[in-house]
Participant: 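Sharing a structure here in structure tokens format.
Heavy atoms only: backbone and side chains are in, while hydrogens, waters and symmetry mates are out.
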Amino acid sequence: MAKRLRPLTDNQPKCLLKVGGKTLLERTVDAMRQAGIMEFVVVTGYLAEQIRSFLEQYALDHQGLTFHFLHNTDYANNNNIYSLWMAGEIVRDREFLLMDSDILCDPAAVVRIAQEQGSALALNRHELGEEEIKVIVDAEGHITEINKTCRPEDAMGESVGIEHMSAAYSTALYRELDQMILQEGLIDIFYERAFERLIPQGHTFRVVDTTDYFSYELDTPEDFERAQQLWKLKVEQQKNRK
């Protein structure tokens, strides 16, 4: 619902806000198409009809795409773990790329993660605080801890919100999500908790450092204004390099 972005999200969902003349959602789908993805599973909640209408028009403008829509009717009372669990209706036991729909990032980062062999997670190195989903890794670059509560000084960086799941990881993930949602009622937490619970079971991600790619998180109106400025600067820098 992006309450911290109000009033910008009073009448439209966060993913339909425009930065640089394009919605965040359009940029996300464009990036995934560049990675060769043609089938999309979209879990909607707040102002769902706007999202569905936008993507149905997008599909008309870009032939060959398939969109599956799943609606989370209780979105006000649960978190992204529930939406990910719902997506299992389509992606369970399948290789897939997971993205939060509000990510503003360089499409090259999405392509990089999608092309990884095996399960991989995008990470950015920067000064960390309490709010970021922080990632701790072992000597081989595999995640040993991923949450908001670990010590910033122990973390390699922040999870960007782009994950490549192998088919084997998908199977293990949805087995764990079934336990968490159906048996334990853990519907109002972040899906990274499922990632953590899989680590002792031998299932984790290899971290891919995407710090050199542009990415920005939008949580407040101030973030939105800053994102507009940064994106404009990015475009100007690209023009100058040409």
Side-chain angles (χ1 to χ4, degrees), residues 28-29 31-43 66-68 70 72 78-103 105 107-124 132-150 155-184 186-187 189-210 213 215:
T28 297
V29 178
M32 295 177 86
R33 285 177 54 232
Q34 287 185 36
I37 294 170
M38 303 292 284
E39 182 180 9
F40 300 84
V41 180
V42 183
V43 183
T66 300
F67 286 91
H68 306 277
L70 303 171
N72 178 358
N78 51 53
N79 211 318
N80 62 10
I81 192 171
Y82 195 84
S83 292
L84 178 57
W85 176 69
M86 286 186 65
E89 180 177 325
I90 311 287
V91 302
R92 183 186 297 259
D93 302 325
R94 296 176 63 184
E95 179 185 17
F96 69 97
L97 187 73
L98 172 65
M99 284 190 68
D100 298 334
S101 65
D102 60 354
I103 299 174
C105 71
V110 180
V111 174
R112 172 76 188 280
I113 300 301
Q115 291 176 341
E116 284 292 312
Q117 297 296 314
S119 298
L121 176 145
L123 174 138
N124 280 4
E132 296 92 351
I133 297 287
K134 294 172 281 292
V135 176
I136 297 175
V137 302
D138 62 18
E140 286 75 43
H142 292 100
I143 295 174
T144 59
E145 194 171 342
I146 175 169
N147 55 54
K148 285 189 174 186
T149 57
C150 63
M156 178 181 177
E158 176 187 11
S159 173
V160 177
I162 311 171
E163 292 90 14
H164 177 199
M165 317 283 188
S166 68
Y169 191 95
S170 175
T171 297
L173 173 64
Y174 279 97
R175 184 171 57 241
E176 193 65 28
L177 287 173
D178 285 345
Q179 171 67 28
M180 296 173 76
I181 301 293
L182 300 175
Q183 303 301 320
E184 301 174 40
L186 298 175
I187 63 172
I189 59 175
F190 295 111
Y191 54 61
E192 284 83 3
R193 182 66 187 115
F195 300 166
E196 273 207 314
R197 286 175 51 148
L198 286 173
I199 294 170
Q201 302 176 39
H203 304 283
T204 190
F205 297 100
R206 189 176 71 81
V207 159
V208 176
D209 191 337
T210 57
Y213 299 108
S215 68

Participant: Is it the case that the ring center of Y82 lies less than 6.0 angstrom away from the ring center of Y191?
Facilitator: no
Participant: Hey, mind stepping through E192 and N147 against side-chain hydrogen bond (donor to acceptor under 3.5 Å, both in side chains) and telling me if it holds?
Facilitator: CA-CA 7 Å; E192 284 83 3; N147 55 54; over 6 Å; no
Participant: Tell me yes or no: between the side chains of N72 and N78, is some donor less than 3.5 Å from an acceptor?
Facilitator: yes
Participant: Do side-chain atoms of T204 reach the backbone of I143 as a donor and acceptor pair under 3.5 angstrom?
Facilitator: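 Side chain of T204 to backbone of I143, a donor-acceptor pair under 3.5 Å: yes, one is there.
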Participant: Could you walk me through whether M38 and T66 satisfy the side chain to side chain contact (heavy atoms under 4.5 Å, CB included) test, starting with their C-alpha distance in whole Å, then the side-chain angles of each, then the deciding distance to 0.1 Å, before giving a yes or no?
Facilitator: CA-CA 6 Å; M38 303 292 284; T66 300; over 6 Å; no
Participant: Whether the H164 and E95 side chains hold a donor-acceptor pair (N or O, under 3.5 Å, no angle test) is what I'd like checked.
Facilitator: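 Yes, a side-chain donor-acceptor pair sits under 3.5 Å.
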Participant: Just checking, any donor-acceptor pair under 3.5 angstrom between side chains of T171 and D93?
Facilitator: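 Checked: T171/D93 side chains pair up, N/O donor to acceptor below 3.5 Å.
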Participant: Can you tell me how far apart CZ (R33) and OG1 (T28) are? Round to the nearest 0.5 Å.
Facilitator: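 If we round to the nearest 0.5 Å, R33:CZ and T28:OG1 are 13.0 Å apart.
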Participant: Name the orientation class of the two ring planes belonging to F195 and Y169 (parallel below 30°, tilted from 30 to 60°, perpendicular beyond 60°).
Facilitator: perpendicular
Participant: Would you check if V110 and Q34 make a side-chain contact, meaning some heavy-atom pair closer than 4.5 Å?
Facilitator: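 Result no, sub-4.5 Å side-chain heavy-atom pair not found.
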Participant: Is there a donor in the side chain of H203 and an acceptor in the side chain of E176, or the other way round, less than 3.5 Å apart?
Facilitator: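 No, no side-chain donor-acceptor contact under 3.5 Å.
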Participant: Would you call E116 and V208 a side-chain contact if the rule is heavy atoms closer than 4.5 Å?
Facilitator: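 Heavy-atom side-chain distance check passes, below 4.5 Å.
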